[in-house]
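Here's the structure, in structure tokens; my notes come after.
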Amino acid sequence: MKKLDKYIRDHREEFDDQEMPAGHMERFGALLDKQEETNPEKKSKRFHLLTIAAVAASLAIVTMLGIHFLSPENTITGAAGDGTVTVYSEFLQTNAFYKGQMESQIEDIMCKIENADPETKIQLQKDLEKILAENKEFVEQIEQTDNEELAIFYLVQHYKRNIQALEFINEKLGTHLNC
């Protein structure tokens with residue numbers, strides 16, 4: 001391709017000596033005029049449709065983000081001087097997520113221990129109550145920490161250990177007892 005370009009440039013006078021066919025300029029001008037007449041409407045309609053779609057998508061995203069970040073389960077509300085202050089808390093959201101996972105495991109275990117012998121049932125209920133009490137106490141203590149990132153890190157580690165223990169109990173019960 002480069003060789004052809006170079007050849008044409010070097011021998012330009014050989015290519016420039018021929019005239020365009022008769023009527024070429026008129027036909028070319030008519031085609032350009034026709035394009036200019038039809039395209040502005042299409043471009044204008046496309047532009048307006050794209051603008052409307054972009055505005056609608058932006059509004060949808062802003063609304064979803066507002067609902068997500070300002071929902072009651074993700075906020076802390078407290079009195080501050082004259083009014084109230086609402087602050088988004090990642091700690092509360094993380095706690096709610098892992099608490100839900102833990103509660104799911106406990107529900108499965110409680111269902112399975114209904115079919116267990118009374119001694120096993122009492123022991124497992126005591127163990128579950130102990131896990132829940134220790135979890136509540138830990139969450140209350142870690143919630144007081146000033147460093148939210150550190151608090152979230154230890155919260156996740158704590159919940160993972162508890163959930164792992166509950167999954168182990170649930171798995172062992174599942175092999176012997178069915179819900």
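Throughout, numbering of the chain's residues begins at 1 and tracks the sequence.
- Few gaps surround CD on Q157; more than 12 heavy atoms of other groups in view lie less than 6.0 Å from it.
- Partners of Y159 according to the side chain to side chain donor-acceptor pair (under 3.5 Å) rule, which considers only residues two or more places apart in sequence or in another chain, are N95, N135.
- In terms of the side chain to side chain donor-acceptor pair (under 3.5 Å) criterion, E134 has no residue partners (sequence neighbours excluded).
- Distance check: I109 CD1 to E167 CD gives 9.5 Å after rounding to the nearest 0.5 Å.
- By the side chain to side chain contact (heavy atoms under 4.5 Å, CB included) test, T145 pairs with I142, N147, A151, sequence neighbours left out.
- For the side chain to side chain contact (heavy atoms under 4.5 Å, CB included) test, residues two or more places apart in sequence or in another chain that qualify with R27 are H24.
- Listed by chain and residue number, M102, N162, L166 satisfy the side chain to side chain contact (heavy atoms under 4.5 Å, CB included) test with I131 (two or more places apart in sequence, or in another chain).
- Linking Ile, Leu, Val, Met, Phe, Trp and Tyr residues whenever their side-chain heavy atoms come within less than 4.5 Å places I169 and L132 in a single cluster.
- Summarising the geometry, atom CD belonging to E143 is positioned 7.5 Å from atom CD belonging to E140; distances are rounded to the nearest 0.5 Å.
- Here the straight-line distance linking atom OH of Y98 with atom CD of E103 works out to 15.0 Å at 0.5 Å rounding.
- In the hydrophobic clustering of this structure, I106 groups with F97; members are Ile, Leu, Val, Met, Phe, Trp, Tyr whose side-chain heavy atoms approach within less than 4.5 Å, directly or through other members.
- Summarising the local packing, CD of Q164 is surrounded by 12 or fewer heavy atoms from other residues, nucleotides or ligands at distances under 6.0 Å.
- At least one side-chain heavy atom of M110 sits less than 4.5 Å from a side-chain heavy atom of L128.
- Applying the ring-ring contact (aromatic ring centres under 6.0 Å, His included) test to pairs two or more places apart or on separate chains, none has a residue in residues 106-134.
- In terms of modelled atom types and a separation under 3.5 Å, the side chain of S104 and the main chain of G100 share no donor-acceptor contact.
- In this structure, the side chains of V139 and K99 stay at 4.5 Å or more apart for every pair of heavy atoms.
- The distance from atom CG of L124 to atom CD of E129, rounded to the nearest 0.5 Å, is 11.0 Å.
- One finds the CZ atom of F91 at 11.0 Å from the CG atom of L150 (value rounded to the nearest 0.5 Å).
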